[in-house]
Amino acid sequence: MTHIPHDLSHVQSRDKAEILAQALPYIRQFHGKTMVIKYGGNAMTDPALQQAFAEDVVMLKLVGINPVVVHGGGPQIEGLLKRLGKQGQFIQGMRVTDAETMEVVEWVLAGEVQQDIVGMINRAGGKAVGLTGRDGGLIKAQKLKLIDQQDPTLEHDIGQVGDIVSIDPSVVKSLEEAGFIPVVSPIGFGEQGESYNINADVVAARLATVLRAEKLLLLTNIRGVLDKAGELLTNLSAVEVDALIADGTISGGMIPKIAGALEAAHSGCNSVHIIDGRVPHAMLLEILSDEAYGTMIRSH
Ligand code: ADP
Ligand code: MG
C-alpha cells in the first residue's frame, strides 16, 4: 500500500496553527477515555481512506485516548461467496448464514479483514491486536430469533446469525491498559462453541455500553442519517428515530446502526455519532475539533 499524503500547501500557516490549538481542550477532556469506533463502508475499501483511518487511530492512542475498533466486512464476504459460486440470500435485510456461509464469514472477517486492519495500524506506528468474540470469552451469543415483519407468529430460520447474550470486556481492557489497540471482528460464540455472525454496528454499540465508552463513532458510506428529501439530520432523539423508522425513511443497514446508536446513548455513552467514512480524517475532526460532522444521536 502506498502512502498518499494529503496536500495541505493551500492552508495558511495561521490556520494550521489554529486547528492544532483547537485540539488541546479536547485532548485534555478525553485523555484516558475509551472510544469505540465502528469501521465500515467505503472507508474500508479505499486505500487512501484506509491509510487516513489507521493514522487517526494511532494519533488518538498517542494523545492518550483509548480507541477500540470494531470492523464490518459485508462487501468482502459478498466477494468471496461470489468467487465460491454461492448466492447470498437475505431475509428482512439479514444474511441467511448456513454452515458453509459461516465458514466464509469467519475466514473473511477474522482472517483477512481483521488482519489487514491490524497490519495497517501497525504500519502507521500503533500496536494493534486482533480479536474475535472467542478471544478471552469476549462475546457470548445465541441464535437470533427473526420474527416476520408482517406476521408476528412466524419465525424465520436464518442460520448462524447471532444475538449477543453477554460481553466480557476484560480482554479489551487489559489490552488497552497495556498500550495495545484492540481490533474486534463481529463474531460471537455459543454454548457449544459454535460461531455466530453478528451485525458489526450491534457489537460496537454493546461494547461501547459495557466499556462505558466516552464516544461511539459509527463510520459509514453516507453523510449520516438523511431525511426523505436527502437532507442531513444533524441531531436525532429516540422519538424522532422511531418516527423515521415507522415511515420508512430509515431502512436497510441504517436500522441496526441507529438501534445500536440509541442503545449506547441510553446506557450512558456520552456522545454517539454516525459519520461519513468517505471524508478523510472525519473521525479525528469529530473528536479533536469544534467541527460537527454527520448525525449525533441523543438519548432523549
Ligand atoms: P455500513 O457498512 O456502514 O454498516 P450499511 O449499508 O449497513 O453500511 O448501512 C448504511 C446504509 O443505510 C446507507 O448506505 C444507506 O443506503 C442506508 N440507509 C437507509 N436509510 C437511510 C437514511 N435514512 N439515511 C442514511 N442512510 C440510509
Ligand atoms: Mg451495516
Side-chain angles (χ1 to χ4, degrees), residues 1-13 15-20 22-23 26-27 35-63 65 67-80 82-83 108-130 181-186 200-201 204 215-226 232 253-254 257 273-295:
M1 195 169 57
T2 51
H3 183 187
I4 304 164
H6 302 286
D7 181 16
L8 297 178
S9 55
H10 62 286
V11 181
Q12 299 284 325
S13 301
D15 294 336
K16 286 180 194 159
E18 190 63 39
I19 293 164
L20 285 170
Q22 238 184 47
Y26 295 102
I27 293 174
M35 297 196 181
V36 176
I37 300 149
K38 152 70 190 307
Y39 182 46
N42 296 53
M44 272 184 81
T45 45
D46 178 281
L49 290 171
Q50 287 173 349
Q51 174 82 32
F53 174 81
E55 287 169 358
D56 286 4
V57 168
V58 172
M59 169 88 163
L60 293 177
K61 191 74 180 176
L62 289 176
V63 299
I65 295 169
V68 175
V69 178
V70 178
H71 69 83
Q76 290 89 337
I77 292 168
E78 202 53 43
L80 184 53
K82 264 217 188 81
R83 266 159 55 199
V108 172
L109 294 185
E112 184 188 336
V113 177
Q114 178 204 82
Q115 288 302 302
D116 280 353
I117 299 168
V118 166
M120 261 160 39
I121 294 174
N122 291 354
R123 279 195 301 280
K127 289 196 291 176
V129 175
I181 299 165
V183 175
V184 180
S185 304
D201 293 307
K215 267 183 201 279
L216 170 65
L217 296 179
L218 303 166
L219 269 65
T220 185
N221 56 359
I222 198 158
R223 279 180 296 151
V225 182
L226 309 181
L232 178 68
M254 195 48 81
K257 202 180 296 299
H273 299 260
I274 296 172
I275 59 175
D276 195 341
R278 298 169 306 176
V279 176
H281 303 295
M283 171 169 76
L284 207 56
L285 290 168
E286 204 301 310
I287 298 172
L288 297 181
S289 81
D290 296 339
E291 304 287 322
Y293 282 90
T295 304

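What you see is a predicted model, and the numbers here were worked out from it, not measured in a lab.
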E55 versus Q51, side-chain donor and acceptor atoms under 3.5 Å: yes
Kindly determine whether M35 and M283 satisfy side chain to side chain contact (heavy atoms under 4.5 Å, CB included), including the steps that lead there. CA-CA 11 Å; M35 297 196 181; M283 171 169 76; over 6 Å; no
Spacing of CG belonging to L219 relative to CG belonging to D201, to within rounding of 0.5 Å: 10.5 Å
CD (E18) with more than 12 external heavy atoms under 6.0 Å: no
Applying the side-chain contact (heavy atoms from CB on, under 4.5 Å) test to K257, which of V225, T295, L218 qualifies? L218
Crowded around K16 NZ? As in, over 12 foreign heavy atoms under 6.0 Å? yes
At what distance, to the nearest 0.5 angstrom, does CD of E112 lie from CD1 of I77? 10.0 Å
For the residue pair I37 and L60, establish whether any side-chain heavy-atom pair is separated by less than 4.5 Å. yes
Hey, are the side chains of L49 and P280 touching, using non-hydrogen atoms and a 4.5 Å cut-off? yes
Determine the minimum heavy-atom distance between V63 and I27, stating which atoms define it. O-CG2, 3.8 Å
Decide yes or no for I274 and M254: does some side-chain heavy atom of the first lie under 4.5 Å from some side-chain heavy atom of the second? yes
State, yes or no, whether a side-chain contact exists between L232 and L226 at a heavy-atom distance under 4.5 Å. yes
Roughly how far apart are Q114 CD and L109 CG, rounded to 0.5 Å? 9.0 Å
Does a side-chain heavy-atom distance below 4.5 Å link Y39 with Q50? yes
Looking only at heavy atoms, the pair that brings S185 and A110 closest together is OG-CA, 3.7 Å
Which pair of heavy atoms, one from G72 and one from A200, lies closest together, and at what distance? CA-CB, 3.8 Å
Could you state the interatomic distance from CG (D15) to CG (L20), rounded to the nearest 0.5 Å? 11.0 Å
Measure across V36 and A204 and return the closest heavy-atom pair with its distance rounded to 0.1 Å. CG1-O, 3.5 Å
Spatial distance of atom CG (L288) from atom NE2 (H281) [nearest 0.5 Å]: 12.0 Å
Under the side-chain contact (heavy atoms from CB on, under 4.5 Å) test against K61, which residue among I181, D56, I121 passes? I181
Residues in side chain to side chain contact (heavy atoms under 4.5 Å, CB included) contact with V113, at least two apart in sequence or another chain: M44, H71, Q76, V108, I117
